[in-house]
Amino acid sequence: MNVPLLIARRYFLSKKKRNIISIISNISMVGVAVGTTALIIVLSVFNGLEDLVRSLYGKSDPDLVVTAVQGKSFELTAPLLVRVQRTPGVRMVTEVIEDNALLQYRDRQMVVKMKGVSDNYQHQSNIDSAIVDGSSGLQREGRDYALLGAGVQHELSIALDNRFAPMRLLYPKAGKFKVSMDPDAYFTQKNILAGGVFLIEQRIDDSYVFVPLDFARDLLNYGTRRTGLEVKVKDGQDIESVQKTLRERLGPTFKVLNSDEQHVSLLKAIKVEKMFVFITFAFILLIASINIFFSLSMLVIDKKKDMAVLMAMGADQRTIRNIFLFEGAIVAQVGAIVGLVLGVGICWIQQTFHVVSMGMATSVVDAYPVKMQLSDIVLTGIAIVFITISVSIQPALNASRLDVRDNL
């Protein structure tokens, strides 16, 4: 037997194994880095979209809204109104009547959300900043005016302040009626002029019409009933504290909602999507980390003799197991750190320079909104640690069970 040739062959095969193990480890690092980068970027985009939704609705949303727990309206008495107005931290209270109505203009018509508001509404909201045409006043020179969403105006081609062709709002009368061809028998009707057009958010722009409170009360025959009270909190006051106090004062028959609770369905949908995206990318990270399992398994096979020597010198199973767990942790953590740095860097560039645009001329923002949160980075780190332990533990256990006598 040619002993030098046999030694050279074993050395070559061992070197080849080491190269393969090194390549697989590098692939694992790259996979973890790419997955971590993608996860940080996607989660930050969802955070940015959530903030964008809040900012869009903030133009018209009150700080707090008081509504009835049962039914769509409640009886507004003077003691009830005073109780809300005198709550510590409350600056202003706006009465609201909101319901669906049929809007007619010339030969066109559509169902809209009619929102009747009291005179102090302009001071309650930031509607002035959303007006793109006309004026924000709901009453001028003793005449009632309506504020229209841009989508409503476009759908019906409504001209502003057209006294010769006013808009007509219709609302069904309550009760039973005899069959008649006269629409007056079924609907209460009132005319009003279009005074201004607002541009807030597509859902609001395409359906809402703001009118004076008295106009809505007469059309809907609400009397002293209201669908809600919009509360403006004093500057510097904690909204959650005022909300808690109002709930205690009004009792269980009323709901007091903050801005997020007014759009809970939309914000919850964003959070659910974000959660599922996190789970999906966590699985991608798990798949990328499977290479760590293979590299450690090959390393166990390649280093059997070295491990046997260590165990013969006094190393116990726990020490051997920890060596391979540590090896897997190094591979994963290097990839994770690189991925976190890249993800945070890319998000910072997008936040600062707005590199990636929305690609739509009609979008409300020019670039994709991005917002980094420490909780996302921490959660990503925890996921990587868990995945690393999961894929490294089996090779580490196999290494610790090595028979010393068979490998010396």
Side-chain angles (χ1 to χ4, degrees), residues 1-40 278-344 376-408:
M1 182 180 293
N2 192 335
V3 176
L5 183 62
L6 182 60
I7 293 173
R9 182 172 178 272
R10 287 184 176 179
Y11 174 78
F12 176 77
L13 289 175
S14 179
K15 186 177 180 181
K16 188 175 182 180
K17 284 181 181 178
R18 287 198 298 270
N19 289 336
I20 292 172
I21 293 170
S22 177
I23 291 171
I24 294 176
S25 297
N26 290 334
I27 291 173
S28 302
M29 287 184 190
V30 172
V32 172
V34 171
T36 303
T37 302
L39 186 55
I40 292 296
F278 176 81
I279 294 172
T280 302
F281 275 86
F283 273 110
I284 294 173
L285 277 173
L286 177 61
I287 294 171
S289 300
I290 288 177
N291 287 324
I292 298 175
F293 171 83
F294 291 120
S295 66
L296 290 179
S297 298
M298 292 183 67
L299 192 63
V300 169
I301 296 171
D302 188 53
K303 298 296 182 182
K304 281 183 178 181
K305 181 168 286 190
D306 296 331
M307 288 185 292
V309 171
L310 284 175
M311 294 177 77
M313 293 173 64
D316 57 9
Q317 290 185 341
R318 181 179 179 183
T319 302
I320 300 297
R321 184 176 67 246
N322 290 343
I323 289 173
F324 284 89
L325 286 174
F326 189 65
E327 173 71 18
I330 290 175
V331 173
Q333 297 311 315
V334 169
I337 291 171
V338 172
L340 287 172
V341 171
L342 285 175
V344 171
D376 293 336
I377 298 174
V378 172
L379 198 61
T380 301
I382 292 173
I384 292 171
V385 170
F386 176 77
I387 290 170
T388 301
I389 294 174
S390 299
V391 299
S392 302
I393 193 166
Q394 187 59 45
L397 289 174
N398 292 339
S400 65
R401 295 166 184 164
L402 184 73
D403 192 329
V404 178
R405 289 175 297 179
D406 293 342
N407 291 280
L408 279 177

Counting C-beta onward and ignoring hydrogens, is there a side-chain heavy-atom pair between [X] and [Y] closer than 4.5 Å?
X: Phe324; Y: Met307; answer: yes
X: Pro395; Y: Leu299; answer: no
X: Ser392; Y: Leu296; answer: yes

Show, in sequence, the C-alpha distance, side-chain angles and deciding distance for Arg401 and Asn398, and conclude whether the side-chain contact (heavy atoms from CB on, under 4.5 Å) test is met.
CA-CA 5 Å; Arg401 295 166 184 164; Asn398 292 339; 4.1 Å; yes

If every non-hydrogen atom of Ile40 is compared with every non-hydrogen atom of Gly343, which pair is closest and at what distance?
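Heavy-atom minimum between the residues: CG2-C, 3.9 Å.
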
Can you give me the closest heavy-atom contact between Ala332 and Ile292, atom names plus distance?
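Closest approach of Ala332 to Ile292: CB-CD1, 3.9 Å.
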
From [X] atom [atom1] to [Y] atom [atom2], the distance as rounded to the nearest 0.5 Å:
X: Ile320; Y: Ile323; atom1: CD1; atom2: CD1; result: 4.5 Å
X: Met29; Y: Ser289; atom1: CE; atom2: OG; result: 12.0 Å
X: Leu325; Y: Arg318; atom1: CG; atom2: CZ; result: 11.0 Å
X: Leu39; Y: Ile284; atom1: CG; atom2: CD1; result: 9.0 Å
X: Asp306; Y: Asp302; atom1: CG; atom2: CG; result: 8.0 Å
X: Glu327; Y: Lys303; atom1: CD; atom2: NZ; result: 10.0 Å

For Thr319 and Asn322, run side-chain hydrogen bond (donor to acceptor under 3.5 Å, both in side chains): C-alpha distance rounded to whole Å, both residues' side-chain angles, the deciding distance at 0.1 Å, then the answer.
CA-CA 5 Å; Thr319 302; Asn322 290 343; 6.0 Å; no

Please table the atom pairs, donor to acceptor, closer than 3.5 Å between any side-chain atom in residues 379-391 and protein atoms at least two apart or in another chain.
| unit_1 | atom_1 | unit_2 | atom_2 | d |
| --- | --- | --- | --- | --- |
| Thr380 | OG1 | Asp376 | O | 2.7 |
| Thr388 | OG1 | Ile384 | O | 2.7 |
| Ser390 | OG | Phe386 | O | 2.8 |

Any donor-acceptor pair under 3.5 Å from Thr37 side chain to Gly339 backbone
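Side chain of Thr37 to backbone of Gly339: a pair is present.
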
